[in-house]
Amino acid sequence: MTIQETQRSASAAPAPDSPERRRDGRRRWQERYDEAVAKGRVRDADFTTLSGVEVEPVYGPTDEQAAADERMDRIGWPGEFPYTRGLHATGYRGKSWTIRQFAGFGNAVQTNERYKMILARGGGGLSVAFDMPTLMGRDSDDPMSLGEVGHCGVAIDSASDMDILFSDIPMGDTTTSMTVSGPAVPVFCMYLVAAERQGVDISTLNGTLQTDIFKEYIAQKEWLFAPEPHLRLIGDLMAYCDANIKAYKPLSVSGYHIREAGATAAQELAFTLADGFGYVELGLSRGLDINSFAPGLSFFFDAHVDFFEEIAKFRAARRIWARWMRDVYGATSEKAMQLRFHTQTAGVSLTAQQPYNNVVRTAVEALAGVLGGTNSLHTNALDETLALPTEQSAEIALRTQQVIMEETGVTNVADPLGGSWYVEALTDTIEAEAEAIFTRILSMGKVPVDSADKARLAEVVRDNVGKAEGGVWPMTSGILRGIEEGWFMSEIGDAAFTYQLALESGQKKIVGVNCLTESVSSELDILRVSHEVEREQVEVLGQRRAGRNEDIAADAVRRMVEVSRTQDNMIPAMLDAVRAEATLGEICDALRAEWGIYREPARF
């Protein structure tokens, strides 16, 4: 489908804004639910309260109440546009969220052991944490890696490390998320090669690669190149996965790091979704069908400690994404309009003081993610503010999810807080704040429009698609200008400063930090990564280089660089380099030499 055709489809799409449609909502939901039951998509489980009371799969207004309540256009029913109440009519009765514990430390052998422990104790998928050298595209023996190898995640230098990381873990049967953005594409190629060596058909792989470079410039600061070459690689990745690995999600648009940097809930939501719209524009600029590639976009949000605000944020996220995908970018399939997201509890909310309080904070945050309808969840360990989790604290974090899942009854009813006056009002408020931020970003991209007029907003953005300054698409243009001018960081910095002032004045409270500081708690035993890990990793890396065919590896890297100078997709050439045991640092250094490095402009 061409861009013009998708725009015409969007213009013709009916809006769910009539009393007749509102009155018919429960019937539509029931049909979807009955279909799921008939297809065996509802779990055979006890859907009663602790006292044995039967509960319905969903609750909502009567048909006549719904017809008279214009809010129902925004709230709807589970499993239908605008997906405020969730993507599926069945809620968690159909499928519980995936328990995906983020883990990685030391070398691939040590992390492989932790992964087997997580899977053996009920984890539903894996989430890979990489060390700082890997995140920056450096080999473990690079002078800039000294003292950092294996300390904040696992060290991955070549495809052989990835082989070890997934040793005795069937990659074709295990969904895997990888949190890496700057060198995401070569790390992904190592993942594919490791799967090939296991004998897995890579077209069957399922998982998520973070890849989100916009949030690196906005918040986390782990980039390799300037934005344009990074977007070139991401576009190649999107096209490759769309053609070859349909179930795999090549982009996880990350608000988590934006929130951890100090953003408010509305800023996290708006900056993240704006980034998502930028990647939609990237896919469309490559000529990809939005209904085909958009389902491969997923999101990653922070679950902070303000319980109801977080729930409202998640509900607003689904609603905004669905409307923009349909009305602005022309998606016509349900899957292309559905926002899927992973949640991690807020690392920034954890405290070194009275660290056992962190178990409570994490449980509250996890419950907010669940009541907000998360598709997968990571719960932080109580000691993560001090070090990487010990095996015991990692188990407590895992069990926190399992207690919520198995004991609290939250999986029995879809969107149990739907219709709450407070939750619905807060959802509307956060949505309005996010839309105002979109207006500001679009104005930086030379697309002035009032966010309050949603129909006009959609019309103006559609009319400016591909016509923004320099031929860049409207949201992308605004994001790039905001990065260049330091606007995002300024906004986050102001929000963080305001919150810090509230803490110091005692207006906002953190138990054990600025109130209730008396405690009988003793110091924790924490996990310490030995310097021997770095020494051994460097030694093994040297042995691998000595044992490979140097000419084949060097030629493959040179060929990859040659392809980078053309319009051809770089993924096949990069896969060849990885198969030849070219290292992450060698691949990234070759591209640094070709594209240069990016330094953020100084600001005062």
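Along the sequence shown, the residues carry numbers beginning at 1. For the numbers below, each heavy atom of this structure counts, side chains included, while hydrogens, waters and symmetry mates do not.
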Looking at [X] and [Y], does any basic side-chain N land under 4.0 Å from a carboxylate oxygen?
X    : Y    : answer
D161 : R544 : yes
E216 : K221 : no
R315 : E424 : yes
R259 : E310 : yes

Check whether the side chains of [X] and [Y] place a donor and an acceptor atom closer than 3.5 Å, and report yes or no.
X    : Y    : value
T345 : N380 : yes
Y92  : N412 : no
E365 : S349 : yes
Q210 : S181 : yes
R340 : Q338 : yes
S521 : S519 : yes
S177 : T208 : no
Q344 : D302 : no
T272 : D275 : no
R361 : T351 : yes
N112 : S167 : no

Taking ring pair (Phe, Tyr, Trp, His ring centres under 6.0 Å) as the test, write out the residues that go with F308, two or more places apart. Y422
Check for a donor-acceptor pair, side chain of [X] on one end and backbone N or O of [Y] on the other, with a separation under 3.5 Å.
X    : Y    : value
T517 : V513 : no
D415 : G86  : no
S420 : V423 : yes
H378 : F102 : yes
Q220 : I258 : no
Q198 : I169 : yes
E260 : A346 : no

Sequence neighbours left out, what passes salt bridge (charged side-chain N to carboxylate O under 4.0 Å, His left out) with [X]? Give chain and number order.
X    : result
E581 : R197
R399 : none
K95  : none
K116 : D168

On a heavy-atom basis, which atom in C588 and which in F225 lie closest, and how many Å separate them? O-CE2, 4.2 Å
Using the rule given for salt bridge (Lys or Arg N to Asp or Glu O under 4.0 Å), can you reason through R121 versus E395, listing the C-alpha separation, both sets of side-chain angles and the distance that settles it, and then say yes or no? CA-CA 8 Å; R121 297 182 190 178; E395 181 181 87; 2.6 Å; yes
Kindly state each residue pair satisfying side chain to side chain donor-acceptor pair (under 3.5 Å) with at least one member in residues 99-111, sequence neighbours excluded. R100-T175, Q101-T379, Q101-Q401
Go through the steps for R545 and D141 under the test salt bridge (Lys or Arg N to Asp or Glu O under 4.0 Å), then give the verdict. CA-CA 12 Å; R545 284 204 184 99; D141 59 358; 2.6 Å; yes
Ring pair (Phe, Tyr, Trp, His ring centres under 6.0 Å) test vs F341 passes for just one of W97, F314, Y256, Y83, namely F314
Nearest 0.5 Å please: distance from the [atom1] atom of [X] over to the [atom2] atom of [Y].
X    : Y    : atom1 : atom2 : value
E539 : S140 : CD    : OG    : 13.0 Å
F299 : K249 : CZ    : NZ    : 12.5 Å
R318 : T84  : CZ    : OG1   : 7.5 Å

Would you say the ring centers of Y217 and F488 fall short of 6.0 Å from each other? no
